[in-house]
Every structure is written in structure tokens, then in C-alpha cells.
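Residue numbers run from 1 in the order of the sequence given.
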Amino acid sequence: MWYSFIGYVIEKLFAVARNAQHRVRKCYLFLPLCPVYGLSLVAVLHLPAELRSTSLRLIVYGGLTATAVEYAMHFFYEKALGVMFWDYSDTKMDLNRRVCVPFSVVWGLLIWVALRYVQPWINAMTMQISPIATLIAILLLIADTFFSVRLLYLRRDIDLLGIKNLLRDLRI
């Protein structure tokens, strides 16, 4: 969840920097999370240690792993829920609009920073969280996942994940 939240913050900053019209940068209705970041880090953390042993290996294999997760997430969103959160078709060297080489390089660098500098801090902080707080967070995540997936499946509109947009849509 930590990395999904950090990813959400990165997405918001990226949207501001690019002056993007589409500002809903999360994949959940209530929680400020982008699951592709969290799932990517979980996948990278499960890579064999020898694939993470040097900075170059971590950047290459971490970037490839995160890119594979990104592709799978896009595929799921598109095929199962009928939505697209991102589209790299206007980026050079894309694969089916789902991933592209420039962002794969960014993934590798983000993975390196995350594992070298952020992960020790997250480990220490996570050890301080009570089991009850962890259970509550998991239950909130499960509930929000259910409502978000249901909303996306039924309405096929990612902008409804913004509460203001959802309330505006419900008044119609």
C-alpha cells in the first residue's frame, strides 16, 4: 500500500508538471492509491537476490519486472473492466499502447531509488504499525477494491473514481 500511495503522489505531480487535463490519477474510488506501483514493487521484491545484487541488475531486471506488471495491469483493466488508465500510443517504442521503452527506463530508475533509499524506511515504519491497524487497512483496501472494480465494470469511466465526478454523475 505504501508504494501504491507513493505512486499516486508521483502521478499527481506528473499531471501537474504536464498540465494534464485528466487529473484523476488513481485506480480506487476512495483510497489515494495506484496499484501498479505497489504490485510492481512487490514483484521486484520477490525477484531472486542475484537479480537485485548490483545497481545495474536492479535497474534492468526491476525495470523489466515493473514493465511486465504494468502491461498485465493495463491488459486487465482494458479486457476485464473496459477502461484504460494510460495510453502510450503517442510515445515512441510502445507495445500495444500498454508499455513503452522510455517509461520502462523510468521504472528501472524508480525501482533502484525505491529499493536503495525508500524500502529501508518503509520496513522500519511498517514494523511500528499495530496488527489491528494493518487489519483495518487491509479491510479498507478490500472494500475499496470491490467498489472500484464494480464501478469501473458497470460504468467504464475512470473519471468516476474522482468523488466530485461520481457525485456529479449520480445527480444526473
Is the shortest side-chain heavy-atom distance between [X] and [Y] below 4.5 Å?
X: Cys34; Y: Ser4; answer: no
X: Val44; Y: Leu51; answer: no
X: Lys164; Y: Leu167; answer: no
X: Phe85; Y: Leu161; answer: yes

State plainly whether one hydrophobic cluster holds both [X] and [Y], where clusters connect Ile, Leu, Val, Met, Phe, Trp and Tyr through side-chain heavy atoms under 4.5 angstrom apart.
X: Ile132; Y: Met1; value: no
X: Val60; Y: Met93; value: no
X: Leu41; Y: Ile138; value: no
X: Tyr117; Y: Ile122; value: yes
X: Leu152; Y: Phe30; value: yes

Measure the [atom1]-[atom2] distance between [X] and [Y] for me, rounded to the nearest 0.5 Å.
X: Tyr37; Y: Ile10; atom1: OH; atom2: CD1; answer: 5.5 Å
X: His74; Y: Leu95; atom1: NE2; atom2: CG; answer: 10.5 Å
X: Arg168; Y: Asn165; atom1: CZ; atom2: CG; answer: 4.5 Å

With [X], which residues qualify under side-chain contact (heavy atoms from CB on, under 4.5 Å), at least two apart?
X: Thr145; result: Tyr28, Leu141, Val149
X: Phe5; result: Tyr8, Val9, Pro32, Leu33
X: Ala43; result: Thr65, Val69
X: Leu135; result: Leu139

Compare every heavy atom of [Y] with every heavy atom of [X], then report the nearest pair and how far apart it is.
X: Leu29; Y: Asp144; result: N-OD1, 3.3 Å
X: Leu47; Y: Tyr61; result: CD1-O, 3.9 Å
X: Leu160; Y: Leu151; result: O-CD2, 3.7 Å
X: Asn96; Y: Tyr71; result: ND2-OH, 2.8 Å
X: Cys27; Y: Ser148; result: O-CB, 3.9 Å

Qualifying salt bridge (Lys or Arg N to Asp or Glu O under 4.0 Å) pairs, either residue in residues 92-105, two or more places apart: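 Pairs touching residues 92-105 that pass the test: Glu78-Arg97, Glu78-Arg98.
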Where at least one partner belongs to residues 39-65, residue pairs that pass salt bridge (Lys or Arg N to Asp or Glu O under 4.0 Å), sequence neighbours excluded: none
Side-chain atoms of residues 100-112: list all donor-acceptor pairs with protein atoms under 3.5 Å, sequence neighbours left out, distances to 0.1 Å.
from	atom 1	to	atom 2	distance (Å)
Ser104	OG	Thr67	OG1	2.8
Ser104	OG	Cys100	O	3.0
Trp107	NE1	Glu70	OE1	3.0
Trp112	NE1	Ser55	OG	2.9

Taking atom CZ as the centre, does Arg116 end up with more than 12 heavy-atom neighbours from other residues, nucleotides or ligands that are less than 6.0 angstrom away?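 More than 12 within 6.0 Å, yes.
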Does Tyr77, at its OH atom, have more than 12 non-hydrogen atoms belonging to other residues, nucleotides or ligands within less than 6.0 Å? yes
Identify, with sequence neighbours excluded, every residue that meets side chain to side chain donor-acceptor pair (under 3.5 Å) alongside [X].
X: Ser89; result: Asp87
X: Arg155; result: Asp169
X: Asp157; result: none

Qualifying side-chain hydrogen bond (donor to acceptor under 3.5 Å, both in side chains) pairs with a residue from residues 122-132, counting only residues at least two apart or across chains: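 Applying side-chain hydrogen bond (donor to acceptor under 3.5 Å, both in side chains) to every pair that reaches into residues 122-132, excluding sequence neighbours, yields Trp2-Thr126, Gln119-Asn123.
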Met127: which other cluster members, linking ILVMFWY side chains closer than 4.5 Å, directly or transitively?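 Members alongside Met127: none; it stands by itself.
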Geometric class of the Trp86/Tyr88 ring pair [parallel <30°, tilted 30-60°, perpendicular >60°]: tilted
